[in-house]
Structure formats: C-alpha cells, structure tokens
Amino acid sequence: MEAGERVQTAQRRRASRSRVRQLLAAKGRAGAYRDSVLVLLQRTRTELRTARYLLSDASARLGNLLRRLSPVERRSALLLLRGQLTGDLGPEAWLLWVDALVASNTPEAGESLARAVGDSTSLPSRLRALALDGLVGLVPSRARREALRLLPGSLDDAWHVVATSISVLRDVRSKEGIPALIAFLGREDLGRLREDAHEALVALTHERHGPYAGPWKSWWSRAAANFRVPPDEPRQAEAGEGSSTAFYGIHTFSDRIAFVMDLSWSMWHPSGKTRRIDTALGELRGAVSTLDESRRFSVIWFGTRAGSWMPRMVAGTESEKRKLERWLRAVDGRGQTNAYGGLDLAFRLARQGERRPLVDTLFFLTDGDATSGVLTATPGVLAEVRAWCRVERVRLHAIGIGEHQGALLEGLARLGSGRYVRR
C-alpha cells in the first residue's frame with residue numbers, strides 16, 4: 001500500500017512539474033507575442049506621424065515650387081498635378097493637391113481649384129468640396145460665387161459640396177449669403193445640414209430665429225434694406241434647436257448618427273453616487289429612444305481595442321432598439337482607452353457612403369485621455385481627425401465625464417465643428 005502511494009505521489013509530482021513547464025512555456029510565448037505587438041504598434045505610430053508630417057511638408061514644398069515657376073510653366077505643372085493627384089489615389093492625395101495649391105498662393109492655382117469645383121462629371125463630390133474649401137483661402141469672392149451657385153444642389157449627388165458651400169458662406173461673411181441660406185432652410189429632409197445652415201445664419205447676423213425658414217424670412221423682409229454683416233461671430237448657437245434627438249444636452253437633426261462610447265475599465269468607477277457607465281448608457285438609451293425608422297444609427301465602442309455593436313448602420317425601429325438593449329445589459333469593462341481606435345472605426349464607417357457619408361454626426365464620449373492604441377498623443381490623434389473631418393464634413397461632438405483632461409476633446413469638437421460638453 002505504501003509503495004502504491006509513493007508511486008502515485010511521484011506521478012502527481014511529475015505531472016505537476018510538466019504542467020509548470022507548460023505554463024512557463026506559454027508565458028514565454030505570450031511575452032514574446034506581446035513584445036512583438038508592442039514593437040509593431042510603436043512602428044505603426046512612428047509611420048503614421050511620419051506620413052502626416054511628410055504630407056504636410058510635401059504640400060508646403062510643392063506650393064513653394066509652383067510659386068517659383070513662370071505663369072506658363074505653372075499652368076502646365078498644375079495640369080500635370082491634377083492628372084496625377086486627383087485620380088484614383090484617394091483623400092490623402094486630394095489633400096496634398098489642395099494644400100499645395102493653397103500654399104502656392106497664385107492666380108493659376110485659384111483657377112485650377114475653381115475648375116475642379118465645377119467639374120461634376122469626372123470628380124467625386126468629396127474632392128470638389130475640398131477644392132471649394134481651398135478656394136476660400138485664395139479667391140474668397142470666387143469661392144462665395146461658387147457656394148451661392150452650388151448651395152441648391154442635390155443632397156443625393158453632391159452632399160459634401162452643399163455642406164462646404166454652407167461653411168464658405170459663413171466664413172466669407174457676405175450679405176449675399178443670408179437670403180440664400182434662408183431659402184436653403186425651406187428645403188425638406190435636410191437632416192444635419194439644417195444645423196449647419198442655421199448656425200451659419202446666426203454667425204452672419206447675430207440673430208436667433210430658429211432652424212426653419214419662416215421666421216427668418218419675416219425678419220429678413222424687414223431688415224434686408226439696412227442690414228450690415230457684423231465683423232465677428234457670436235458665441236456658438238445651439239445647433240439642433242427644435243430637433244428631437246439629444247445626447248448630453250447636445251441636439252441634432254441628423255438622420256445618420258454614430259455614438260462612440262468609452263467602455264474602458266475606468267468607466268465603471270463611481271461619479272458621485274452613480275457609476276459613469278450607468279449615466280452614459282442612460283443618456284444613450286434616451287437618445288436612441290427618440291429615433292424612428294427614417295433615421296439610422298450605430299454604436300461604436302472602444303476599450304483596449306475598438307469594435308461596434310453592429311457592423312452596419314441600423315434603422316431606429318423598435319426591433320433594433322430591443323437588440324441594442326440586450327447588448328447594453330451585457331456590457332462590461334474592456335481594458336484601457338483606445339480613443340484613436342474608436343474614432344478611426346467611426347470615420348471608416350462614414351467613408352462607406354459613396355455619395356455622402358454613411359455617418360454625418362458623431363457623439364464621442366470618454367472619461368479620460370488616450371492610453372492605448374496606434375496613437376495616444378493628443379497632437380497625433382488631432383492631426384488624423386483634422387484630415388478625416390476635412391474630407392467627410394462630419395460633425396463631431398465630444399463629451400467628457402469624470403476627471404478627464406479637456407485638450408483632446410476640445411480639439412476634436414473644434415475640428416469637427418461640434419460642441420464640447422464637460423460632465
């Protein structure tokens with residue numbers, strides 16, 4: 001009996017030592033994998049920063065080169081550049097082209113941008129919108145004329161161009177833009193562009209007559225004769241006054257909304273008597289409850305990595321709301337704060353829209369600065385978001401809760417022409 005017990009004890013010890021060796025080997029493999037991932041992540045961060053710097057530097061250098069050419073040489077060079085950079089290369093090449101032309105600060109560059117704005121047959125609306133935005137910096141009067149011409153355009157075919165026309169009329173600050181924007185508010189199914197036009201009118205007039213055309217028409221009929229555009233803008237207007245959907249007090253008319261939610265572990269910490277996540281999900285439920293089947297939405301989350309509740313936009317039907325509620329009840333903490341990953345996923349979704357962004361309004365919520373992901377430094381994140389916003393014309397609102405630092409969120413709201421709310 002004793003011999004049998006000794007044999008069993010020896011076998012258990014051998015099995016235990018074997019299990020320890022297996023665990024140590026697995027730990028070593030996991031450590032090596034982690035180290036390789038960290039190296040790859042660091043390399044990707046460096047490449048992103050380098051690429052953004054090189055693009056900016058290339059635009060400045062190319063603009064300087066164009067400026068040094070003779071007018072004849074410049075025209076030839078601009079034709080060559082347009083053929084090379086406005087084809088199928090995509091938004092990064094488009095931004096390089098526009099920024100180089102603006103940096104050159106020459107009449108020929110202004111003409112090249114104006115021709116691109118008017119080329120509705122061969123250029124995508126995203127590129128035409130970028131060209132119109134660039135034209136403001138070279139020939140403001142020409143940009144204003146183009147914006148007035150393009151503002152009544154089709155939202156199905158030229159949404160980006162129409163959105164940019166509104167911002168051009170706001171930036172150029174001309175009296176001519178006021179009746180055009182008032183007439184624009186008279187259109188149906190404007191969605192988020194109703195907010196844009198309303199805010200532009202408030203900025204141009206310092207008047208507040210709401211987001212519909214009727215009150216503005218009545219005011220303009222009395223004020224037009226003696227009106228002078230004020231030299232500066234007032235404080236930001238409430239973008240979605242009169243709309244049905246709000247998130248943390250920020251209203252919107254948009255029918256294409258994405259909520260980008262922080263699900264990192266810190267969101268489960270209490271804020272007063274309530275956990276941050278409970279307050280955030282309560283606000284999300286309230287906002288989604290106001291949506292109907294004519295409006296589409298998505299919920300994107302980020303922790304150490306980023307993902308989405310659904311891989312697509314969904315209609316605000318009761319069936320989809322019930323699915324979302326089941327998902328929300330199972331939500332748990334998901335690591336660190338990969339803010340860049342959540343934003344990247346949201347803008348990738350927006351870019352899926354062929355003629356207009358699939359998402360035109362983002363609500364970004366977090367309780368802290370970025371601590372994980374490809375980019376964590378605020379300047380790097382903002383540099384990427386700036387480029388994305390320029391191309392897609394997405395409105396980005398930022399909500400900060402808890403003891404967060406405001407630099408990132410203030411920057412996001414500024415770049416996305418949205419609001420920053422601290423709670």
Side-chain angles (χ1 to χ4, degrees), residues 48-49 51-60 62-63 81-82 85-86 89-104 109-110 112-114 116-117 123-138 140 143 146-147 150 158-172 192-193 195-196 199-200 256 258 260 340 343-362 364 375 378-398 408 410-418:
L48 269 175
R49 288 195 297 267
R52 186 59 59 199
Y53 169 78
L54 289 175
L55 283 169
S56 177
D57 185 62
S59 297
L62 189 53
L81 277 176
R82 173 167 169 169
L85 296 179
T86 63
L89 295 182
E92 294 293 357
W94 301 345
L95 289 169
L96 171 61
W97 178 69
V98 170
D99 289 346
L101 266 60
V102 173
S104 74
S112 184
L113 288 173
V117 171
L123 296 184
S125 65
R126 286 172 169 87
L127 176 52
R128 294 174 60 213
L130 284 171
L132 179 58
D133 196 44
L135 190 60
V136 175
L138 292 178
E146 291 294 334
L150 295 167
W159 186 93
H160 295 85
V161 174
V162 175
T164 305
S165 296
I166 296 171
S167 67
V168 167
L169 294 176
R170 174 175 179 162
D171 293 342
V172 175
R192 199 216 68 202
L193 294 188
E195 301 168 27
D196 294 27
E199 290 185 354
R256 301 180 178 213
V260 187
Y340 175 83
L343 290 164
D344 181 37
L345 197 57
F347 276 94
R348 286 177 185 271
L349 183 61
R351 287 193 290 272
Q352 290 179 21
E354 182 178 352
R355 296 180 181 273
R356 58 178 294 184
L358 211 58
V359 176
D360 63 29
T361 300
L362 295 177
F364 177 84
L375 289 176
T378 294
V381 175
L382 294 181
E384 293 299 307
V385 172
R386 179 177 183 271
W388 299 339
C389 285
R390 288 180 64 191
V391 175
E392 293 302 329
R393 313 301 298 190
V394 166
R395 173 158 293 193
L396 173 54
H397 301 291
L408 174 62
E410 287 177 355
L412 292 175
R414 182 180 68 255
L415 294 173
S417 300

Please report the shortest heavy-atom distance between [X] and [Y], naming the atom on each side.
{"X": "Ala387", "Y": "Leu95", "value": "CB-CD1, 3.8 Å"}
{"X": "Leu135", "Y": "Gly110", "value": "CD1-O, 3.4 Å"}
{"X": "Pro140", "Y": "Val172", "value": "O-CG2, 4.0 Å"}
{"X": "Ala158", "Y": "Ser125", "value": "CA-CB, 4.0 Å"}
{"X": "Leu362", "Y": "Ala346", "value": "CD2-CB, 3.7 Å"}
{"X": "Val161", "Y": "Leu132", "value": "O-CD2, 4.2 Å"}

Close side-chain approach of Leu412 and Leu343, heavy atoms under 4.5 Å: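 In contact.
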
Close side-chain approach of Asp99 to Arg390, heavy-atom, < 4.5 Å: yes

Full working for side-chain contact (heavy atoms from CB on, under 4.5 Å) between Arg128 and Leu150: CA-CA 11 Å; Arg128 294 174 60 213; Leu150 295 167; 3.7 Å; yes

Whether [X] side chain and [Y] backbone form a donor-acceptor pair below 3.5 Å:
{"X": "Arg395", "Y": "Thr361", "result": "no"}
{"X": "Arg355", "Y": "His160", "result": "no"}
{"X": "Arg192", "Y": "Asp360", "result": "yes"}

Note: Asp196-Arg170 ion pair, threshold 4.0 Å (strictly below): no

Name of the residue among Leu415, Val260, Val385 meeting side-chain contact (heavy atoms from CB on, under 4.5 Å) with Leu396: Val385

Ala103: partners by side chain to side chain contact (heavy atoms under 4.5 Å, CB included), with sequence neighbours left out: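 Partners of Ala103 by the side chain to side chain contact (heavy atoms under 4.5 Å, CB included) criterion come out as none, since no residue qualifies.
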
Those residues that, when tested against Ala350, pass side chain to side chain contact (heavy atoms under 4.5 Å, CB included) (two or more places apart): Pro357, Val359, Val394

Roughly how far, to the nearest 0.5 Å, is the [atom2] atom of [Y] from the [atom1] atom of [X]?
{"X": "Ile166", "Y": "Arg393", "atom1": "CD1", "atom2": "CZ", "value": "9.5 Å"}
{"X": "His397", "Y": "Ser417", "atom1": "NE2", "atom2": "OG", "value": "9.5 Å"}
{"X": "Leu96", "Y": "Leu101", "atom1": "CG", "atom2": "CG", "value": "10.0 Å"}
{"X": "Leu62", "Y": "Trp97", "atom1": "CG", "atom2": "CH2", "value": "11.5 Å"}
{"X": "Arg126", "Y": "Trp94", "atom1": "CZ", "atom2": "CH2", "value": "7.0 Å"}
{"X": "Thr164", "Y": "Trp159", "atom1": "OG1", "atom2": "CH2", "value": "8.0 Å"}

With sequence neighbours excluded, residues passing side chain to side chain donor-acceptor pair (under 3.5 Å) with Arg82: Asp119

Neighbour count above 12 (heavy atom, 6.0 Å) for Arg386 CZ: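 Counting other residues, nucleotides and ligands, CZ of Arg386 stays at 12 neighbours or fewer.
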
